[in-house]
Amino acid sequence: MKSQLDFRQASISILTGLLSAFLLGLAGFFQNSLNWTYFLVFFFVGLGMHRFITAIFNIIAPLQAKQADPKDLENKAIVAEVFKQSRN
(Lines give C-alpha, C1' and ligand atoms only; values in the text may rest on other atoms or scores of the structure.)
Protein backbone atom coordinates (compact mmCIF):
# COMPACT_ATOMS: atom_id res chain seq x y z
CA MET A 1 0.00 0.00 0.00
CA LYS A 2 2.86 2.36 0.83
CA SER A 3 4.48 1.84 -2.56
CA GLN A 4 1.17 2.65 -4.27
CA LEU A 5 0.90 5.88 -2.30
CA ASP A 6 4.51 6.75 -3.10
CA PHE A 7 3.90 6.12 -6.80
CA ARG A 8 0.69 8.15 -6.67
CA GLN A 9 2.41 11.11 -4.97
CA ALA A 10 5.37 10.95 -7.35
CA SER A 11 3.01 10.89 -10.33
CA ILE A 12 1.09 13.89 -9.00
CA SER A 13 4.30 15.84 -8.40
CA ILE A 14 5.75 15.07 -11.83
CA LEU A 15 2.52 15.94 -13.64
CA THR A 16 2.20 19.13 -11.59
CA GLY A 17 5.69 20.25 -12.55
CA LEU A 18 5.27 19.46 -16.22
CA LEU A 19 1.83 20.99 -16.61
CA SER A 20 2.74 24.10 -14.57
CA ALA A 21 5.79 24.71 -16.75
CA PHE A 22 3.68 24.14 -19.88
CA LEU A 23 1.00 26.56 -18.67
CA LEU A 24 3.54 29.24 -17.75
CA GLY A 25 5.32 28.72 -21.07
CA LEU A 26 2.08 29.26 -22.94
CA ALA A 27 1.54 32.45 -20.94
CA GLY A 28 4.99 33.72 -22.01
CA PHE A 29 6.63 33.86 -18.60
CA PHE A 30 9.87 32.28 -19.77
CA GLN A 31 10.48 34.81 -22.55
CA ASN A 32 10.82 37.84 -20.28
CA SER A 33 13.50 38.51 -17.70
CA LEU A 34 12.52 37.15 -14.31
CA ASN A 35 11.24 39.51 -11.68
CA TRP A 36 10.88 38.62 -7.99
CA THR A 37 7.09 38.79 -8.30
CA TYR A 38 7.19 35.92 -10.78
CA PHE A 39 8.10 33.59 -7.92
CA LEU A 40 4.69 34.29 -6.40
CA VAL A 41 3.07 33.49 -9.73
CA PHE A 42 5.11 30.27 -10.03
CA PHE A 43 4.15 29.27 -6.49
CA PHE A 44 0.42 29.84 -6.89
CA VAL A 45 0.27 28.29 -10.36
CA GLY A 46 2.10 25.24 -9.01
CA LEU A 47 -0.18 25.07 -5.97
CA GLY A 48 -3.30 25.33 -8.08
CA MET A 49 -2.03 22.76 -10.54
CA HIS A 50 -1.19 20.40 -7.66
CA ARG A 51 -4.75 20.68 -6.32
CA PHE A 52 -6.17 20.17 -9.83
CA ILE A 53 -4.07 17.06 -10.55
CA THR A 54 -4.83 15.64 -7.09
CA ALA A 55 -8.57 16.12 -7.68
CA ILE A 56 -8.31 14.33 -11.03
CA PHE A 57 -6.44 11.45 -9.38
CA ASN A 58 -9.12 11.27 -6.67
CA ILE A 59 -11.84 11.03 -9.32
CA ILE A 60 -10.03 8.42 -11.42
CA ALA A 61 -8.64 6.25 -8.62
CA PRO A 62 -9.77 7.32 -5.15
CA LEU A 63 -7.73 6.27 -2.14
CA GLN A 64 -9.09 3.16 -0.53
CA ALA A 65 -10.41 3.52 2.99
CA LYS A 66 -8.18 1.94 5.60
CA GLN A 67 -9.42 -1.54 6.40
CA ALA A 68 -10.38 -2.14 10.02
CA ASP A 69 -7.98 -4.48 11.76
CA PRO A 70 -9.92 -7.20 13.64
CA LYS A 71 -7.23 -7.39 16.32
CA ASP A 72 -7.44 -3.64 16.88
CA LEU A 73 -11.24 -3.80 17.13
CA GLU A 74 -10.97 -6.62 19.64
CA ASN A 75 -8.50 -4.64 21.76
CA LYS A 76 -10.78 -1.59 21.72
CA ALA A 77 -13.73 -3.74 22.80
CA ILE A 78 -11.70 -5.18 25.70
CA VAL A 79 -10.63 -1.71 26.85
CA ALA A 80 -14.21 -0.42 26.60
CA GLU A 81 -15.47 -3.36 28.66
CA VAL A 82 -12.83 -2.75 31.36
CA PHE A 83 -13.80 0.94 31.61
CA LYS A 84 -17.47 0.02 31.72
CA GLN A 85 -16.85 -2.42 34.57
CA SER A 86 -14.70 0.06 36.49
CA ARG A 87 -17.52 2.63 36.45
CA ASN A 88 -19.92 0.16 38.02
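Positions are given from 1, in the same order as the sequence printed here. Note that the structure is predicted; figures quoted are calculated from it, not measured.
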**OP:** List the atom of Ser20, the atom of Val45, and the distance in Å for their closest heavy-atom pair.
**Re:**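 So the minimum-distance heavy-atom pair works out to OG-O, 3.9 Å.
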**OP:** State, to 0.1 Å, how close His50 and Thr16 come at their nearest heavy-atom pair, and which atoms those are.
**Re:**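 Looking at all heavy atoms of both residues, the shortest contact is CA-OG1, 3.5 Å.
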**OP:** Look at the side-chain heavy atoms of Ile, Leu, Val, Met, Phe, Trp and Tyr, link any pair under 4.5 Å apart, and say whether Ile56 and Ile14 land in one connected group.
**Re:**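 No, because Ile56 and Ile14 fall into different hydrophobic clusters, even though each may have its own neighbours under 4.5 Å.
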Original post:
Is there a chain of hydrophobic side chains (I, L, V, M, F, W, Y, each step under 4.5 Å between heavy atoms) that links Leu19 to Ile59?
Top reply: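 In one cluster with Leu19: Ile59, no.
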Which value, rounded to the nearest 0.5 Å, describes the distance between [X] atom [atom1] and [Y] atom [atom2]?
| X | Y | atom1 | atom2 | result |
| --- | --- | --- | --- | --- |
| Met49 | Phe22 | CE | CZ | 9.5 Å |
| Asn58 | Ile53 | CG | CD1 | 11.5 Å |
| Phe83 | Ile78 | CZ | CD1 | 13.0 Å |
| Leu47 | Phe42 | CG | CZ | 15.0 Å |

Original post:
Any side-chain heavy atom of Leu24 within less than 4.5 Å of one from Val41?
Top reply: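 They are in side-chain contact.
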Subject >> Heavy-atom side-chain contact between Leu15 and Phe57 under 4.5 Å >> reply: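 Leu15 reaches Phe57 side chain to side chain.
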**OP:** With sequence neighbours excluded, tell me which residues meet side-chain hydrogen bond (donor to acceptor under 3.5 Å, both in side chains) with Glu81.
**Re:**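 Result, side-chain hydrogen bond (donor to acceptor under 3.5 Å, both in side chains) vs Glu81: Gln85.
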**OP:** Examine distances only and state if a side-chain atom of Arg51 and a backbone atom of Gly46 form a donor-acceptor pair shorter than 3.5 Å.
**Re:**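 Not a single qualifying donor-acceptor pair exists.
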